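Accompanying notes for the structure given below.
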Amino acid sequence: MKNILLFITIALLVLGCQNNSTVKNIVSEEGPKPFPNGKIIDLTHTFSRESIYWVTAKEFELDTVAYGDTDNGFFYSANNFTTAEHGGTHIDAPIHFAKNAQTVDEIPLENLIGSAIKIVVSEKALKNPDYLISVEDFTDWENTNGKIPDGSIVLLETGYSTFYPDKIKYLGTDERGPDAVAKLHFPGLSPEAAKWLVNNRNIHAIGLDTPSIDFGQSKLFESHVTLLSKNIPAFENVTNLDKLPIKGFSVIALPMKIKGGSGGPLRIVAIL
């Protein structure tokens, strides 16, 4: 619990920090300083009208309510925004594909904050937009780095974030609507690898730099079903994974706390 409280302290400060800034003065001079020299890497795409959403989901809109000097002599700015739960950098809560599973407000913080590892498949994925991350990709990582530690947050780097927000390169199509689903092409986690993870490893969460944990041509969304049925949330459309080491870093992934939500916008950062 002590470590969790320290992580939460960092998380509250992270939201006001600039990208890639250094963590300083996180707690008082008298108290412990977690990650005293840690660099913060923002893994979140900025939300805007350019943000990429599922082809059948409502896209992000920001409407200006006020912007300018008031008659009382002070400046005032306010906006309204509307968006689907699933788009931009966001979280898939277990309820998204698993009946009676956790909603986004019910996910334990312990599953969203903790030690992380990164598995790189970009050399394969950039050559094949329909690449399926395999069991072998995980076992190859373990042959070099040791077994995936219990309670890890696993991040999968495909290299696709470099295409964001170009819809044709990132999604495979810039069309929208139900007919566009069949035209989606991007890498994802194979159903076999998802089953291997839940049956053989104890992970807290998983994320990747594509629009979905299942690849674009998936019709049954088996990887979603396998992972979310075990209350393992997924982070989608993350970025800057190329700036992370293979292991030895931590992740803080805090979504909008929507009661009963199947997902929501996510601010995710790594601390090296």
Side-chain angles (χ1 to χ4, degrees), residues 7-28 35 38-93 96 103-105 107 109 112-113 160-171 173-177 180 207 209-211 233 235-243 251-271:
F7 273 119
I8 294 172
T9 301
I10 299 170
L12 293 174
L13 295 177
V14 163
L15 299 178
C17 294
Q18 295 181 349
N19 298 356
N20 303 339
S21 60
T22 300
V23 180
K24 295 180 179 179
N25 300 322
I26 291 175
V27 292
S28 67
F35 311 105
K39 177 179 285 188
I40 299 174
I41 305 294
D42 195 345
L43 307 182
T44 315
H45 287 293
T46 300
F47 281 86
S48 72
R49 292 182 184 273
E50 291 186 317
S51 295
I52 290 181
Y53 279 69
W54 197 251
V55 292
T56 56
K58 180 178 177 59
E59 296 181 291
F60 183 88
E61 293 182 8
L62 185 72
D63 296 319
T64 301
V65 175
Y67 186 92
D69 296 322
T70 68
D71 294 339
N72 292 324
F74 58 85
F75 175 84
Y76 179 69
S77 174
N79 305 291
N80 292 329
F81 72 88
T82 57
T83 180
E85 292 175 315
H86 301 277
T89 303
H90 70 282
I91 190 171
D92 282 0
H96 190 35
T103 56
V104 70
D105 56 308
I107 301 171
L109 289 176
L112 304 175
I113 301 171
Y160 261 60
S161 65
T162 59
F163 299 143
Y164 197 98
D166 186 320
K167 291 181 179 178
I168 292 179
K169 291 181 179 179
Y170 191 74
L171 288 170
T173 180
D174 60 359
E175 297 180 25
R176 293 190 55 75
D209 54 356
T210 75
F235 315 138
E236 297 171 336
N237 294 322
V238 300
T239 189
N240 288 332
L241 295 185
D242 59 309
K243 297 180 181 179
V251 162
I252 299 172
L254 299 181
M256 182 182 292
K257 192 175 181 180
I258 303 171
K259 185 175 182 178
S262 71
L266 178 71
R267 188 66 184 268
I268 177 172
V269 301
I271 302 176

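On a predicted model such as this, the values are computed, not experimentally measured, just so you know.
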Q | Atom of A180, atom of E175 and distance for their closest heavy-atom approach | A | CB-O, 3.5 Å
Q | Distance-only donor-acceptor check, side chains H86 and S262, under 3.5 Å | A | yes
Q) Taking atom CD1 of I168 and atom CG of D174, what is their separation to the nearest 0.5 Å? A) 4.0 Å
Q.
Is a donor from one side chain sitting under 3.5 angstrom from an acceptor on the other, for D105 and T103?
A. yes
Q: Return the minimal non-hydrogen interatomic distance between I40 and I271, and the atom names on each side.
A: CG1-CG1, 4.5 Å
Q.
For I268, run the side-chain contact (heavy atoms from CB on, under 4.5 Å) check against I252, I91, I41, V251 and tell me which one passes.
A. V251
(Q) I need the minimum non-hydrogen distance between A253 and F235, along with the two atoms involved. (A) CB-CZ, 3.6 Å
(Q) Looking at every non-hydrogen atom in both residues, tell me the closest pair between P211 and L171 and how far apart they are. (A) CG-CD2, 3.5 Å
Q.
Between N240 (side chain only) and K243 (backbone N and O only), is there a donor and an acceptor less than 3.5 Å apart?
A. no
Q) Are the side chains of L254 and R267 in touch, meaning some heavy atoms are under 4.5 Å apart? A) no
Q. Can you name the closest pair of heavy atoms from L112 and P255 and give their distance?
A. CD1-CD, 3.8 Å
Q | Test log, rule side-chain hydrogen bond (donor to acceptor under 3.5 Å, both in side chains), inputs T44 and D42 | A | CA-CA 6 Å; T44 315; D42 195 345; 2.9 Å; yes
Q: Verify whether the ring centers belonging to Y67 and F75 lie closer than 6.0 Å.
A: yes
Taking distance alone, no hydrogens or angles, what donor-acceptor pairs closer than 3.5 Å link side-chain atoms of residues 53-64 to residues at least two apart or in another chain?
from : atom 1 : to   : atom 2 : distance (Å)
Y53  : OH     : T83  : OG1    : 2.4
E59  : OE2    : K167 : NZ     : 2.8

Q. Between D209 and Y164, do the side chains contain an N or O donor and an N or O acceptor separated by less than 3.5 Å?
A. no
Q) How many angstroms lie between atom CE of M256 and atom CD of E85, to the nearest 0.5 angstrom? A) 10.0 Å
Q) Atom NE2 of H45 and atom CG of N237: how far apart are they, to the nearest 0.5 Å? A) 6.0 Å
Q.
Could you report the tightest heavy-atom contact between Y76 and A66, atom names first, then the distance?
A. CD2-CB, 3.6 Å
